[in-house]
**Student:** 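Once you've had a glance at the structure underneath, I'll fire off some questions.
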Amino acid sequence: QVQLIESGGGLVQAGGSLRLSCAASGRTFSNYPMGWFRQAPGKEREFVAAVSWTGDSTYYADSVKGRFTISRDNAKNTVYLQMNSLKPEDTAIYYCAGTKGTYRVSYYYTANRYADWGQGTQVTVSS
């Protein structure tokens, strides 16, 4: 059984930065694309970013493009989300997700295409 554990959330002022981490255990990282989603209070879970299992392809929501960077270190079974120029509207619980698959990374923009989920980490951006 796959376990995904997020860390790195917290409180930051607008314009600041945070780096989220998601450590995976229980399976090989091969053919395992991963993504980040977020859910703000009263809103649906939304896609943030995805990365191919090799790490050489990425895909972003328009709302974070140019500010957030997703990456992975397969030797550490860890995926990262570097968040810069944070805005109050980025406030949400951020979830890490993964699934077995070999489609192009843009295919993984929707939550129902992921089999495994972490518990989430809170990110709060103050104005």
**Student:** Counting C-beta onward and ignoring hydrogens, is there a side-chain heavy-atom pair between Tyr60 and Val48 closer than 4.5 Å?
**Tutor:** no
**Student:** Under the salt bridge (charged side-chain N to carboxylate O under 4.0 Å, His left out) rule, what pairs show up with a residue in residues 96-118, not counting sequence neighbours?
**Tutor:** none
**Student:** Minimum heavy-atom separation for Trp117 to Ala111, with atom names?
**Tutor:**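 The pair with the smallest heavy-atom distance is CZ2-O, 3.5 Å.
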**Student:** Side chain of Asn31, backbone of Trp53: donor and acceptor closer than 3.5 Å?
**Tutor:** no
**Student:** Any side-chain heavy atom of Tyr114 sitting closer than 4.5 Å to one from Phe37?
**Tutor:** yes
**Student:** Work out which heavy atom in Ser71 is nearest to a heavy atom in Val79; give both atom names and the distance.
**Tutor:**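 What the structure gives for the nearest pair is O-CG2, 3.0 Å.
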**Student:** Which heavy atom of Ser127 sits nearest a heavy atom of Pro88, and at what distance?
**Tutor:**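 Looking at all heavy atoms of both residues, the shortest contact is CB-CG, 3.8 Å.
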**Student:** Decide yes or no for Glu46 and Tyr109: does some side-chain heavy atom of the first lie under 4.5 Å from some side-chain heavy atom of the second?
**Tutor:** no
**Student:** With heavy-atom distances below 4.5 Å as the criterion, would you say the side chains of Tyr103 and Pro33 are in contact?
**Tutor:** no
**Student:** Is the shortest heavy-atom distance from the side chain of Val123 to the side chain of Leu20 under 4.5 Å?
**Tutor:** yes
**Student:** Look at atom CD of Gln122 and say whether more than 12 heavy atoms of other residues, nucleotides or ligands are closer to it than 6.0 Å.
**Tutor:** yes
**Student:** Answer yes if Val125 and Ile93 sit in the same cluster of Ile, Leu, Val, Met, Phe, Trp and Tyr residues linked by side chain heavy atoms under 4.5 Å apart, and no otherwise.
**Tutor:** no
**Student:** Going by heavy atoms in the side chains, are Met34 and Cys22 under 4.5 Å from each other?
**Tutor:**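 SC-SC contact between Met34 and Cys22 confirmed.
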**Student:** Test of understanding: clusters of I, L, V, M, F, W, Y form through side-chain heavy atoms closer than 4.5 Å, transitively. Do Tyr32 and Tyr108 belong to the same one?
**Tutor:** no
**Student:** Indicate yes or no for a side-chain donor-acceptor contact from Thr91 to the backbone of Thr124 under 3.5 Å, with no hydrogens or angles considered.
**Tutor:**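 Such a contact is absent between Thr91 side chain and Thr124 backbone.
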**Student:** Taking the side chain as every heavy atom from C-beta outward, state whether Tyr59 and Tyr107 have any atom pair closer than 4.5 Å.
**Tutor:**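 A side-chain contact under 4.5 Å is absent here.
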**Student:** The criterion is salt bridge (charged side-chain N to carboxylate O under 4.0 Å, His left out); which residues satisfy it with Lys65, sequence neighbours excluded?
**Tutor:**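 Asp62.
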**Student:** Give the intermediate values and the outcome of side chain to side chain contact (heavy atoms under 4.5 Å, CB included) for residues Leu18 and Leu86.
**Tutor:** CA-CA 8 Å; Leu18 281 175; Leu86 282 161; 4.2 Å; yes
**Student:** May I have the step-by-step check of side chain to side chain contact (heavy atoms under 4.5 Å, CB included) for Leu81 and Thr69, ending in yes or no?
**Tutor:** CA-CA 6 Å; Leu81 185 68; Thr69 302; over 6 Å; no
**Student:** Quick one: side chains of residues 4-17, donor-acceptor pairs under 3.5 Å with protein atoms, not counting sequence neighbours, listed by atom name and distance.
**Tutor:**
unit_1, atom_1, unit_2, atom_2, d
Glu6, OE1, Gln119, N, 3.1
Glu6, OE1, Gly120, N, 2.9
Glu6, OE2, Cys96, N, 2.8
Glu6, OE2, Gly120, N, 3.1
Ser17, OG, Asn84, OD1, 2.9

**Student:** Filter on salt bridge (charged side-chain N to carboxylate O under 4.0 Å, His left out), then keep only pairs touching residues 68-80, sequence neighbours left out; what's left?
**Tutor:**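 Qualifying pairs: none.
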**Student:** Suppose the criterion is salt bridge (charged side-chain N to carboxylate O under 4.0 Å, His left out): which pairs have a residue in residues 85-95, not counting sequence neighbours?
**Tutor:**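 Non-adjacent pairs meeting salt bridge (charged side-chain N to carboxylate O under 4.0 Å, His left out): Arg38-Asp90, Arg67-Asp90.
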**Student:** According to ring pair (Phe, Tyr, Trp, His ring centres under 6.0 Å), does anything in residues 65-97 pair up with another residue at least two apart or in another chain? List the pairs.
**Tutor:**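 Not a single pair qualifies under ring pair (Phe, Tyr, Trp, His ring centres under 6.0 Å).
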**Student:** Do you know the tightest heavy-atom contact between Ala50 and Ile70?
**Tutor:**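 In terms of heavy atoms, the two residues are closest at O-CG2, 3.6 Å.
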**Student:** Test side chain to side chain contact (heavy atoms under 4.5 Å, CB included) on Val51 and Trp36 and set out the steps.
**Tutor:** CA-CA 9 Å; Val51 62; Trp36 287 95; over 6 Å; no
